[in-house]
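Since the structure comes first, as structure tokens, the remarks are kept for the end.
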Amino acid sequence: MQAARALACLLAGSMILLAHPQHACADGSVIDKIYHPYVQPMERELELRATLEEGGHARLPDRQTWRLGYGQALTDNWFGELYLIGEQDGLHSFRLSEYEVEALWQLTEQGQYAADWGLLFEFATMDSADRNELATTLLAETQWQRWTGTANLSLAYEYGSDIANELDSELALQARYRLSKSLEPAVEFYGGEGVLALGPILMGDLRLGAGRQLHWEGGLLVGLKDATPDRSYRLLLEYEF
């Protein structure tokens with residue numbers, strides 16, 4: 001009950017922010033990835049993830065966003081990652097569009113409180129324009145029986161000569177059922193500026209030897225508003241070593 005109340009308080013504050021629509025990220029999609037508030041000491045990873053959006057009409061063309069990243073644990077509670085981001089849409093061929101650096105700070109030990117907490121800090125800059133973004137995301141995760149609930153609440157500031165300076169907010173939620181190590185079904189929700197999407201996700205871990213594993217995720221998010229793509233396919237591969 002304490003875990004449920006802690007997560008409910010976070011979600012209530014999130015809904016207040018989302019009640020006033022903000023502008024989505026300058027380059028990326030609101031539908032992207034759920035972050036968890038944990039750091040594994042000594043871990044390194046290579047990550048490939050993609051969001052494939054089907055707009056459904058001419059005002060919202062199909063779009064692909066791909067991320068290639070390398071990350072590693074910096075201390076027992078800090079994890080850093082660098083990304084190259086490319087995209088393609090109905091007007092442009094595939095191109096490198098953005099660079100991003102992330103730092104995840106694990107605030108609490110797992111199980112120390114009713115919910116586990118972390119903070120994610122991000123800086124992104126476009127390759128061909130003076131458009132930048134600084135973002136902070138509050139990460140919360142709680143467990144009940146075989147279910148895990150995760151919430152990401154983000155505030156971002158966009159600035160540069162090629163964009164109007166403004167503050168953005170986003171919310172991402174995940175409810176995951178721990179069926180087995182290799183297969184965990186989940187439901188995810190994403191909200192942002194004019195964007196609401198909900199859908200099923202499958203994920204799991206494949207052991208590849210001592211200290212090595214492949215984490216995979218894939219699923220379909222369905223748009224709940226006209227400004228949201230009709231369908232968004234979310235794919236992720238992480239090689240952890």
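These numbers come from the heavy atoms of this one structure, side chains and all, not from hydrogens, waters or symmetry mates.
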Quiz item: Is the shortest side-chain N to carboxylate O distance from Arg49 to Asp32 below 4.0 Å?
Solution: yes
Quiz item: If you measure from the Lys or Arg side-chain nitrogens to the Asp or Glu carboxylate oxygens, is any gap between Glu217 and Arg176 under 4.0 Å?
Solution: no
Self-check item: Trp105 CH2: over 12 foreign heavy atoms closer than 6.0 Å
Solution: no
Practice problem: Determine whether more than 12 heavy atoms belonging to other residues, nucleotides or ligands lie under 6.0 Å from atom CD of Gln145. | Solution: no
Exercise. From the options Glu87, Glu100, Glu47, select the one residue that forms a side chain to side chain donor-acceptor pair (under 3.5 Å) with Arg67.
Key: Glu100
Kindly compute the distance separating [atom1] ([X]) from [atom2] ([Y]), expressed to the nearest 0.5 Å.
| X | Y | atom1 | atom2 | result |
| --- | --- | --- | --- | --- |
| His215 | Leu236 | NE2 | CG | 6.0 Å |
| Ile85 | Tyr99 | CD1 | OH | 10.5 Å |
| Phe189 | Leu173 | CZ | CG | 6.5 Å |
| Ile163 | Glu133 | CD1 | CD | 8.0 Å |
| Asp130 | Ser161 | CG | OG | 3.5 Å |
| Leu96 | Trp66 | CG | CH2 | 15.0 Å |

Exercise. Mark yes or no: Arg234 above the aromatic ring of Tyr190, with NZ or CZ under 6.0 Å from the six-membered ring centre and no more than 45 degrees from the axis.
Key: no
Quiz prompt | Trace of the side chain to side chain donor-acceptor pair (under 3.5 Å) decision for Thr125 with Asn132 | solution = CA-CA 4 Å; Thr125 184; Asn132 310 285; 2.7 Å; yes
Should [X] and [Y] be counted in the same cluster of Ile, Leu, Val, Met, Phe, Trp and Tyr side chains packed under 4.5 Å apart?
| X | Y | answer |
| --- | --- | --- |
| Tyr38 | Leu107 | no |
| Leu84 | Phe94 | no |
| Trp147 | Leu183 | yes |
| Met203 | Leu235 | no |
| Trp78 | Leu138 | yes |

Exercise. Fit a plane to each ring of Phe241 and Tyr70, take the angle between them on a 0 to 90° scale, and name the class: parallel (under 30°), tilted (30 to 60°) or perpendicular (over 60°).
Key: tilted
Quiz prompt | Check against side chain to side chain donor-acceptor pair (under 3.5 Å), Arg178 and Thr148 | solution = CA-CA 8 Å; Arg178 302 189 303 277; Thr148 297; 2.7 Å; yes
Exercise. Just do the side chain to side chain donor-acceptor pair (under 3.5 Å) check on Tyr239 and Arg44 with the steps written out, would you?
Key: CA-CA 8 Å; Tyr239 175 58; Arg44 295 175 293 168; over 6 Å; no
Quiz item: Considering the options Val222, Leu221, Val187, which one meets the side chain to side chain contact (heavy atoms under 4.5 Å, CB included) requirement together with Leu198?
Solution: Val187
Quiz item: Do any pairs count as a salt bridge (charged side-chain N to carboxylate O under 4.0 Å, His left out) and have a residue in residues 202-213, sequence neighbours left out, and if so which ones?
Solution: Lys181-Asp205
Practice problem: Would you check, one step at a time, whether the test side-chain contact (heavy atoms from CB on, under 4.5 Å) holds for Glu53 with Asp230? | Solution: CA-CA 8 Å; Glu53 301 174 349; Asp230 288 351; over 6 Å; no
